[in-house]
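Have a look at the structure below, then the notes.
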There are 2 protein chains.
Amino acid sequence: MLHWPRRFRASWGGNVDVRVETPDQPAIVPISRHTLHGELVERLRDMIIEGRLAPGSRINEGPLGTSLGVSRTPLREAIKFVASEGLIELVPGRGAVVKAMTPNDVREMLQVLTGLEVMAGRLACLAASAGQIAELRVLHNAMMAFYASRNRLEYYKCNQAIHTGIARLSGNAFLAAQHEAIQSRLKRIRFLGNEGPSKWAGAVAEHEDMIIALEARDKDRLAAVLTAHLERTWDRVCDTL
Amino acid sequence: MLHWPRRFRASWGGNVDVRVETPDQPAIVPISRHTLHGELVERLRDMIIEGRLAPGSRINEGPLGTSLGVSRTPLREAIKFVASEGLIELVPGRGAVVKAMTPNDVREMLQVLTGLEVMAGRLACLAASAGQIAELRVLHNAMMAFYASRNRLEYYKCNQAIHTGIARLSGNAFLAAQHEAIQSRLKRIRFLGNEGPSKWAGAVAEHEDMIIALEARDKDRLAAVLTAHLERTWDRVCDTL
DNA sequence: TTGGCGCATTCTGCATACAGGGCACTTGTC
DNA sequence: GACAAGTGCCCTGTATGCAGAATGCGCCAA
């Protein structure tokens, strides 16, 4: 009855990584087999983070589906997926509601994010290669350049990438994934939080300490800096809530 | 066109908490409005954790749906939900595959779990009330009784409840939720890990230290005990993988 | 004028239907 | 005998249909 193999190639785990070889281009980018499901999940996440779907508002499947050009079925599946991530709340008989985060939610999430990042930072001081740390320094310098030119959006992207990078340098992929998941949920709020030049300058100074501590592989110092940075992130953010 | 309110009562967030007041029963338990979706999610999780759906095997929607008495649509939505939790992997064009955890995955998850639990323990020492700690002691004593009577399943349930309890005592609901999510993913493996009397005895001794440190609100000691306990959990578990 | 009740609209939840694709088995050829 | 192409089954992915429930509006009565 069931005539497929019990196990599949390891390459099927996660994203497809089909690689085609040609004489001209030895390194081919993997074919991004964009599934409708994946596409919808990303679109939903973006719409929520960007505020196009207002916190607390209901998600009306019919109109949203037609406006995205898909039927309700894949949309509903994507909604369930995102709901499991915590950005959407499922209310029985009422459908999906964009989760409105209370200030306390944000505080709690920042606390956990701090814990994970400190853990990652400690591990990174032990495990990261010099090259990896150098890459982060490059990113940091780029960020400083964007700060100098007051390019807030690009600055912010670098900022996030640095935090994600520290999590990756821990060598613990699961830790990095958890960190990234929480960070993405706080994306919108943290972006809004850095408004005002004094706040921004403070964050930049903390980042400078961060990269220095990492380069020195001073894990206690890095932990202290990260803790302070994220505590002050809370301060920066909490009055905008 | 859209004629529902922008915001809903706060009580609609999360579970339904309708409370009916009667003279006899002042405290009424909330109506557990079991949705098919929620039911299916739990069933799927249980089937995976209990090993009824073998790691690495495909989930055949048709037969599984009929055996559960539901159509494919709600089942698929539940699969997507559980996939977002990490227990199931979605393979384009091939459906859902029960995620097979490598030993390294388990190690990484245990490392994160340790970090979260240590964080929670430190917070619990500061935030928990005496009554809450006393409740944990009751649970601990119950666990010791199950150990004495060699009731491994009930022992294990108490054990999990204690760890969950510490996470809850942190006062950080998000932290507790994250902790619980990871713990549930490791449920099966940790249960298998405590086989053999010597391993079991070791775990029990560590738990004794744990509750004592918590009662003394000695956060550094509790952190050390938790770290050691979970490191040894890895030792206990890793040769069964 | 205000509160309550009933009705109609619209949405959700679930089932079913259908198209496309993958996998295994079979058959033909070397 | 082995390998390759063909074929058919079954499964996934998506659309659609339908029943039940929730919501908003209007009407009626106090």
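Below, read A as the first sequence line, B as the second, and so on, with proteins coming before strands; counting in each chain starts at 1. What you see is a predicted model, and the numbers here were worked out from it, not measured in a lab.
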Residues of residues 68-76 of chain B with any non-hydrogen atom less than 4.0 angstrom from an atom of DNA chain D: list those, numerically ordered, please.
B/R72, B/R76
Parallel, tilted or perpendicular, as decided by the 30° and 60° cut-offs, for the rings of A/W200 and A/Y155:
perpendicular
For residues 45-56 of chain A, which side-chain donor-acceptor pairs fall under 3.5 Å, sequence neighbours excluded?
{"from": "A/R45", "atom 1": "NH1", "to": "A/E85", "atom 2": "OE1", "distance (Å)": "3.0"}
{"from": "A/R45", "atom 1": "NH1", "to": "A/E85", "atom 2": "OE2", "distance (Å)": "2.4"}

What is the distance from [atom1] of [X] to [atom2] of [N], rounded to the nearest Å?
X	N	atom1	atom2	value
B/R94	C/dG21	CZ	C1'	11 Å
A/R58	D/dA21	CZ	C1'	11 Å
B/K80	C/dC14	NZ	P	16 Å
B/N60	C/dC23	CG	C1'	13 Å
A/I79	C/dC11	CD1	P	13 Å
B/L90	D/dT12	CG	C1'	12 Å
A/I88	C/dT12	CD1	P	12 Å
A/I59	C/dT10	CD1	C1'	17 Å

Donor-acceptor check, side chain of [X] to backbone of [Y], threshold 3.5 angstrom: yes or no?
X	Y	value
B/E108	A/F174	yes
A/R58	A/A96	no
A/D105	A/T102	yes
B/S84	B/F81	no

Considering every strand and a 4.0 Å limit on heavy-atom distances, what is the contact class for B/E77: base, sugar-phosphate, or nothing?
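It contacts nothing in the nucleic acid.
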Can you list every side chain to side chain donor-acceptor pair (under 3.5 Å) pair that touches residues 169-178 of chain B, not counting sequence neighbours?
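Found A/Q111-B/N172.
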Any residue of residues 36-44 of chain A with a heavy atom less than 4.0 Å from an atom of DNA chain C
none
Which residues pass the salt bridge (Lys or Arg N to Asp or Glu O under 4.0 Å) test with B/R185, sequence neighbours left out?
none
With sequence neighbours excluded, what pairs up with A/E231 under the salt bridge (Lys or Arg N to Asp or Glu O under 4.0 Å) test?
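Counting only residues at least two positions away or on another chain, A/E231 forms no salt bridge (Lys or Arg N to Asp or Glu O under 4.0 Å).
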